There are 2 protein chains.
Amino acid sequence: MFIGSFKYSVDSKGRVSIPARFRKYVNPEANDTFFMTRGIVRCIDIYPQDYWREEVLKRIDQLDDFDIEESTFKRMLLELAAEDKLDSQARLLVPRNLLEFAGIEKDVLILGQNKKIELWNPEAYDAHKKESEKPYSEIAKQVMQRTK
Amino acid sequence: MFIGSFKYSVDSKGRVSIPARFRKYVNPEANDTFFMTRGIVRCIDIYPQDYWREEVLKRIDQLDDFDIEESTFKRMLLELAAEDKLDSQARLLVPRNLLEFAGIEKDVLILGQNKKIELWNPEAYDAHKKESEKPYSEIAKQVMQRTK
DNA sequence: TTTGTTGTGGGAAAGAGTGGGAATAAGAAG
DNA sequence: CTTCTTATTCCCACTCTTTCCCACAACAAA
């Protein structure tokens with residue numbers, strides 16, 4: 001699983017290294033291929049191929065192109081989506097429009113989120129934490145009760 | 001699958017390049033042949049031949065010519081439909097009336113929508129996004145819950 | 001110290017997007 | 001039916017971007 005946080009940098013071509021710790025947890029069947037897209041907040045989500053297909057794609061495939069609400073959502077999700085394979089230096093090329101969406105320039109905060117990886121603008125992440133009005137303990141109680 | 005967005009241009013003859021990324025996902029059986037028609041909103045839909053036949057045509061075939069509403073829909077869909085094969089530069093010739101329908105002139109935004117490709121007037125797309133009253137996170141939650 | 005790994009940077013070759021001209025076909029006019 | 005004009009199709013060429021590969025420095029392990 002992906003856990004922990006790392007402060008890396010984005011080079012001039014938009015490449016981001018995937019931490020070595022994370023690479024060890026990617027299934028061989030993912031074939032070093034990842035899918036990225038916007039998160040539901042201002043960050044970038046990165047999924048290993050196998051997980052993307054199982055969890056995300058399966059659900060997207062159920063949406064109907066002739067339903068306006070469903071196709072609108074699909075459009076928003078896929079507009080900023082991209083597929084890429086790690087290069088020989090274990091980096092991913094992140095599209096410009098995705099970096100812009102997340103407000104990432106030189107510095108990037110890489111977060112492990114169990115099955116997926118998130119990329120944040122470091123300052124934006126700090127701000128996001130402060131904005132969250134409820135304390136961790138309160139959210140924890142509320143959200144985790146559903147999963148018991 | 002077709003994902004991501006690209007800003008390309010339409011040349012004076014009405015030709016539009018299909019992004020290289022997209023070409024890799026077109027089945028050989030499609031034989032570089034595509035079907036285009038109007039979208040359910042103000043954009044152009046482009047389907048690889050195999051998907052058009054399997055998914056779209058099959059549904060159109062189910063419509064009843066003796067039902068006024070169904071035959072009206074069919075008429076609107078097929079009026080602007082066209083078939084074309086990629087030229088040696090991997091471009092499609094898009095009919096004038098389709099470009100007019102979508103309000104596309106010089107610049108075009110190409111969107112990957114999983115199984116199909118959409119062409120938009122860039123400004124129209126921005127406007128369309130702003131019109132959408134609900135934020136992404138809300139639509140995401142609402143739509144994706146249906147697919148669980 | 002030596003060896004291997006990891007994050008970062010950059011250059012060269014191949015590929016992709018765009019524009020335009022020549023050849024062919026289609027249509028209008030005489 | 002022939003001729004002229006217009007439109008379409010096919011092919012070539014240019015330029016910029018992307019991709020692939022090599023190299024370096026910092027750090028850790030042996």
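This one's a predicted model, so the numbers in the text were calculated from it and none came from an experiment. Each chain gets a letter, A, B and so on, in the order its sequence line appears, and its residues count up from 1.
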Item to check | Candidate pair Asp84(B) and Thr33(B), rule side chain to side chain donor-acceptor pair (under 3.5 Å), full reasoning | outcome: CA-CA 6 Å; Asp84(B) 194 30; Thr33(B) 302; over 6 Å; no
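- Once rounded to the nearest 0.5 Å, the distance linking CZ of Arg75(B) with CG of Asp65(B) reads 9.0 Å.
- A ring pair (Phe, Tyr, Trp, His ring centres under 6.0 Å) check over residues 63-117 of chain A, counting only residues at least two apart or in different chains, returns the pairs Phe73(A)-Tyr136(B).
- Neither side chain, Asp64(B) nor Ser71(B), offers a donor N or O lying under 3.5 Å from an acceptor on the other.
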Checklist outcome for this item: For nucleotides 11-25 of chain D, 5' to 3', base contacts (B), sugar-phosphate-only contacts (S) and non-contacts (-) with protein non-hydrogen atoms under 4.0 Å give BBB-----BBBBB--
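- When rounded to the nearest whole Å, the span between CD of Glu83(B) and C1' of dT9(D) equals 16 Å.
- Looking at Lys134(A) and Gln142(A), their side chains do bring a donor and an acceptor atom within 3.5 Å of each other.
- Between Phe22(A) atom CZ and dT6(C) atom P the separation is 14 Å, expressed in whole Å.
- Aromatic ring pairs are classed by plane angle as parallel below 30°, tilted from 30° to 60° and perpendicular above 60°; the pair Tyr125(A) and His128(A) is parallel.
- Protein atom CG of Asp84(B) is 10 Å distant from nucleotide atom C1' of dT9(D), rounded to whole Å.
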Item to check | salt bridge (Lys or Arg N to Asp or Glu O under 4.0 Å) assessment of Arg59(B) paired with Glu55(B) | outcome: CA-CA 7 Å; Arg59(B) 289 174 74 175; Glu55(B) 300 295 324; over 6 Å; no
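- Aromatic ring orientation, Trp52(A) versus Phe35(A): parallel (interplanar angle below 30°, classes split at 30° and 60°).
- Across residues 105-125 of chain B, Lys106(B) each have a non-hydrogen atom less than 4.0 Å from an atom of DNA chain C (numbered order).
- Contact annotation for Ser12(A): no contact, since no heavy-atom pair falls under 4.0 Å across all strands.
- With rounding to whole Å, Tyr8(A) atom OH is found 13 Å from dC27(D) atom P.
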